[in-house]
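This report refers to the structure that appears directly beneath it.
Bear in mind that the values here come from a model prediction, so they are computed numbers and not experimental data.
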Amino acid sequence: MKNTLVLRVDPDKPDADKIWRAAGFIRCGGLVAFPTETVYGLGADALNGEAVLALFEAKKRPLDNPPIVHVSDVKDVRRLVKEIPSGAEVLMEEFWPGPLTLIFRRSDVVPSVTVAGLGTIAVRIPRHEVALALIKESGCPVAAPSANLAGRPSPTSAGHVLDDLDGRIDAVLDAGPTVIGVESTVLDLTVCPPAMLRPGGTSFEALKKVLLRVELSPFVLAEKLLSVGEVRSPGVKYKHYAPKAEVVVVEGELRAVVEKVKGLVEVYKHEGRKVGVLCTDETEACYGEADVVLSLGSRSDLAGVAHRLFGLLREFDRDKADVIVAEGLPAEGIGLAVVNRLRKAAGYRIVKV
Ligand code: TXA
Ligand code: MG
C-alpha cells in the first residue's frame, strides 16, 4: 500500500514546485494521476517497461490493452513512430493540443509492454496546462490510460481517481474537474481511409471537415459485443465504464422512451430493487416512482451531458442503486461518444422503442 500524495494545483498556472515533485515520481518509474481536458490519466514513463507494467497492475488492466502515450510537442512524436503518414500533419496542426489520439506504426524505442506487443502506438498532446507541464518536467513521453480501475467509469475529478486508486499510486495532481468529461477520439492512421476506433472529444463531423475520407469503425455504434477480429482496438472487447449497478439503455423517439423507462422502473420496483433513472432536464419530472433520478442536463447541450456522464454513473454507486435505466441520447457531435459509453456501460443491454 502506497501513501498517495494529493498535490492541489491551479489548472491554468500550476505551481512549478508541485509539478517538479510529481515529475520526480515519473522519472523514478512511479505513477502519477493528472488532469487532461478529457478525463484524469494515470501517467508513467512510456519508455520504462517496468513502470508501465506497474501502471497496468495499479489499474488491474489486462496487459493486451495498451495505453495512450502523451507528449507535449509534435517533435516528440517522431522518435515514437516509424513514419508520419501524409494527412497526419494537418490533423496535428488542427486538433493538437486536444482530444484526438492518433494511431501510428511504432518505432523500436518503445518497449513492447507499452504497446501491448502491437506494431502500432496511440499518441496525443493533451490540452491542459497541468498535463503539459508534467510531461515537460518528466522529460519523457508519458503513457497514460484513464486513471480508473479497469472497467469503471473514467475519472473526471481527483476524487474519482482516489475512489479507485488511493494507496495504489504515488500521487495525484488535483486541478479540479475536467472540462470535456469523455475521453479523446481515437483515429487509426495505419489504415486507408483513416478509421475512428473510439468516438470522443473530437467529433466525427470535425474530422470529416479536415480529412477527405474517414470511416467510422463498426463498433463505434455497436449494439452488441463484437469480436476482436471485427475491431482493431484492443480495448473494445472489455467491460467498460460500468457502475456497480446493472444498466439498461432505452433508445428511440423521446416520448416512447419516457413511457418505456417508466414501465421498466415499475417492473424493477416490483422486484424489490432500488432503481435509478439517468435522464435529462426535459424529462426529469416524469420519473417520480424511481428511487434516484439524476439528470445529465438539457438535451440541447450535449457537451454538458458528456461533461456530467461519468460523474453521474459514479453517483448511482454512492446512492447504492441496484439497476439504472438510462435514456438514449442523440448520436451527433459529442453525443456519439455519449451513446457509445452508455451502451458499453450497459454491457449492450439496449431496449429499442
Ligand atoms: O482522453 C483520453 O484519451 C484519456 C486521457 C488520459 O488522455 N486516456 C484514455 O486512455 O482514455 P485509455 O487507455 O483509457 O484508452 C485508450 C484507448 C483504449 O481503447 C485502447 O485500446 C486504445 O486507446 N489504443 C491504445 N493503443 C492502441 C493501438 N495501438 N491501436 C488501437 N487502439 C489503441
Ligand atoms: Mg480507459
Sequence neighbours excluded and cut-off under 3.5 Å, please list the side-chain donor-acceptor pairs for residues 82-103, or say none.
unit_1: Trp96; atom_1: NE1; unit_2: Leu100; atom_2: O; d: 2.8
unit_1: Thr101; atom_1: OG1; unit_2: Ser184; atom_2: OG; d: 2.7

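- Applying the salt bridge (Lys or Arg N to Asp or Glu O under 4.0 Å) test to residues at least two apart or on different chains, the pairs with a partner in residues 118-135 are Glu37-Arg124.
- Within a 6.0 Å radius of NZ in Lys2, other residues, nucleotides and ligands contribute more than 12 heavy atoms.
- Lys352 NZ: more than 12 foreign heavy atoms inside a 6.0 Å radius.
- We find that Arg27 and Glu137 are joined by a salt bridge, their nearest charged nitrogen and carboxylate oxygen being less than 4.0 Å apart.
- Partners of Ser203 according to the side chain to side chain donor-acceptor pair (under 3.5 Å) rule, which considers only residues two or more places apart in sequence or in another chain, do not exist here.
- Judged as a side chain to side chain donor-acceptor pair (under 3.5 Å), and not counting sequence neighbours, Ser138 has no contacts.
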What side-chain donor-acceptor pairs closer than 3.5 Å can you find for residues 255-267, not counting sequence neighbours?
none

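- A salt bridge between Arg8 and Asp174 is present, with a side-chain N of the basic residue lying under 4.0 Å from a carboxylate O of the acidic one.
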Report all side-chain donor-acceptor pairs from residues 298-309 shorter than 3.5 Å, counting only partners two or more places apart or in another chain.
unit_1: Ser298; atom_1: OG; unit_2: Glu282; atom_2: OE2; d: 2.7
unit_1: Ser298; atom_1: OG; unit_2: Ser300; atom_2: N; d: 3.0
unit_1: Ser298; atom_1: OG; unit_2: Ser300; atom_2: OG; d: 2.8
unit_1: Arg299; atom_1: NE; unit_2: Thr280; atom_2: OG1; d: 3.1
unit_1: Arg299; atom_1: NH2; unit_2: Glu327; atom_2: OE1; d: 2.9
unit_1: Arg299; atom_1: NH2; unit_2: Gly328; atom_2: O; d: 3.1
unit_1: Asp301; atom_1: OD1; unit_2: Gly304; atom_2: N; d: 3.0
unit_1: His307; atom_1: ND1; unit_2: Thr178; atom_2: O; d: 3.3
unit_1: His307; atom_1: ND1; unit_2: Val179; atom_2: O; d: 2.8
unit_1: Arg308; atom_1: NH1; unit_2: Leu296; atom_2: O; d: 2.7
unit_1: Arg308; atom_1: NH1; unit_2: Gly304; atom_2: O; d: 3.1

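- Under a 4.0 Å N-O distance rule, the pair Asp164/Arg314 qualifies as a salt bridge.
- Within the 3.5 Å criterion, the main-chain N or O of Ser112 finds no donor-acceptor partner in the side chain of Arg106.
- The number of heavy atoms from other shown groups lying within 6.0 Å of CD (Glu205) is above 12.
- Counting heavy atoms of neighbouring residues, nucleotides and ligands inside a 6.0 Å radius, atom CD of Glu50 does not exceed 12 of them.
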